[in-house]
Amino acid sequence: MSAFHHDHHGHHHAHSDHKTFNKAFAVAVCLTLIYTIIEASYAFYANSMSLMADAVHNLGDVLGLGLAWLANWLLSFPARKRYSYGFKRTTIIAALINAFILVSTSAVIAYESIYKLLNYTEVSEEIVIVIGLIGVVVNVGASLLFRSGAKDDINIKGAFLHLMADALILLGVVLSAVLIYFTGWKWIDPITGLIVVGLVLFGTWGLLRDSIFLIMDAVPHYIDFLGVKEYLQQLPGVVAVHDLHIWGLSTREVALTAHLIMPTQTLTDEDYHHINEKLLKEFKINHVTLQVETGSLDSPCVRVEKC
């Protein structure tokens, strides 16, 4: 038997992406922290529970962004004796924590909204509108720093969702303050808060689901497992594929290991190169290890499809 391991050469670009997003995280954390301090101060001055609740939410976001930043930075660390894959999995842990933070802070906002619905309070709508609009601009601007990486990396997606959720919440706060200013209907503010919470939780579900799948070494949702197996089985000389495993090394890298039973031939370096290029291009798998076995036609793994 023979085994072959291949890391796609695109890792150089991945390291550049890590550095690019490290700068994005630095800018986003600084902007969000400064704005949170200002928002909390004016929320206290304006006696606005909705603005104060958003400040608490933003404080959670600063923590979440900090964790995501740390995880993204650790991706640049090389593998070592004890951590043979490096610190790639920290990005998955950070994404999972970010999802829980979003859910937890949404619960706080929901509680505050229900409380305010039952206990109306006078607020300074003008201050809420001005501070809220500034916050919308800050959060939307910061979120755009992560837009390019949100599709392929759930850690970056978590940061993007955090900031967009903040922008939505603040937009809801601003609109409710405007309506209260012109109508005097104070119940608008808590109702708007509950609607925004629902939107945030809806957007968070995918992040939470994907994070749990990855931490459990499940096949990433965008990987066609059966398609990969069918492709390997159709390779010239392959009579069976077994011990096929596909899992996420990080929020942006996918690994595959498989045993190929090839009784009459083996794979050349050119074959391996072609297989890796195909798996990367068609299935987004960039860390491949294949083991070739001559096997036996009586092997259970040849006779049983589920093997």
task: Please assess L260 against Q233 for the test side chain to side chain contact (heavy atoms under 4.5 Å, CB included), listing each intermediate value before the final yes or no.
output: CA-CA 8 Å; L260 307 181; Q233 287 176 330; over 6 Å; no
task: Assess whether side chain to side chain contact (heavy atoms under 4.5 Å, CB included) is satisfied between V254 and K284, documenting all intermediate values.
output: CA-CA 7 Å; V254 178; K284 299 183 179 180; 5.8 Å; no
query: Which is it for L279 and Y231 under the side chain to side chain contact (heavy atoms under 4.5 Å, CB included) test, yes or no, and what are the steps along the way?
result: CA-CA 9 Å; L279 289 173; Y231 165 71; 4.0 Å; yes
- request: Before giving the answer on side chain to side chain contact (heavy atoms under 4.5 Å, CB included), spell out for D224 and L226 the whole-Å C-alpha distance, their side-chain angles and the decisive distance to 0.1 Å.
  value: CA-CA 6 Å; D224 181 5; L226 294 179; 4.1 Å; yes
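Contact detail for G66 and V29: the closest heavy-atom pair is N-CG2, 4.2 Å. The minimum heavy-atom distance between T266 and D271, with the atom names listed, is O-OD2, 4.2 Å. The shortest non-hydrogen separation linking L170 to E39 is CD2-OE2, 3.4 Å. Of all the heavy atoms in L194 and A110, the pair that sits closest is CD2-O, 3.8 Å. Closest non-hydrogen pair, G248 versus I92, comes out as O-CD1, 3.8 Å. Between L235 and I275, the shortest heavy-atom contact is CD1-CD1, 3.6 Å.
Both I212 and I101 are part of a single hydrophobic cluster, where members link through side-chain heavy atoms under 4.5 Å apart. Transitive grouping of hydrophobic side chains (ILVMFWY, heavy atoms separated by less than 4.5 Å) keeps L168 and Y35 in distinct clusters. In this structure, I34 is a member of the same hydrophobic cluster as V136, with clusters built from ILVMFWY side-chain heavy atoms closer than 4.5 Å. Under the 4.5 Å side-chain contact rule for hydrophobic residues, L117 and I195 share a cluster. Put simply, V27 and L163 are part of the same group of oily side chains (I, L, V, M, F, W, Y) that touch within less than 4.5 Å, one to the next.
Using the six-membered ring where Trp is involved, Y115 and Y111 have ring planes that are parallel, under 30° apart on the 30 and 60° scheme.
Between the side chains of E293 and H259, a donor-acceptor pair is found at a separation under 3.5 Å.
Hydrophobic cluster membership of L133, counting Ile, Leu, Val, Met, Phe, Trp and Tyr whose side-chain heavy atoms lie under 4.5 Å apart directly or via other members: I129, V174, V178, Y181, F182.
Note: L290 CG to L256 CG = 6.5 Å, rounded to the nearest 0.5 Å. Between R147 atom CZ and M164 atom CE the span is 10.0 Å, to the nearest 0.5 Å. Rounding to the nearest 0.5 angstrom, the gap separating the OG1 atom in T90 from the CD1 atom in I97 is 10.0 Å. Rounding to the nearest 0.5 Å gives a distance of 10.5 Å between CD of E125 and CG of L179. For the atom pair D166 CG and T36 OG1, the distance stands at 7.5 Å (nearest 0.5 Å). The OG1 atom of T289 lies 9.0 Å from the CG atom of N276; values are rounded to the nearest 0.5 Å.
Aromatic pair Y222/F283: centroids not less than 6.0 angstrom apart.
F100 is listed as a side-chain neighbour of L208, based on a closest heavy-atom distance under 4.5 Å. Between L232 and L244 there is a side-chain heavy-atom pair separated by less than 4.5 Å. Using a 4.5 Å cut-off on side-chain heavy atoms (C-beta onward), I261 and V241 make no contact. Counting only heavy atoms from C-beta outward, the side chains of M262 and T294 never approach each other to under 4.5 Å.
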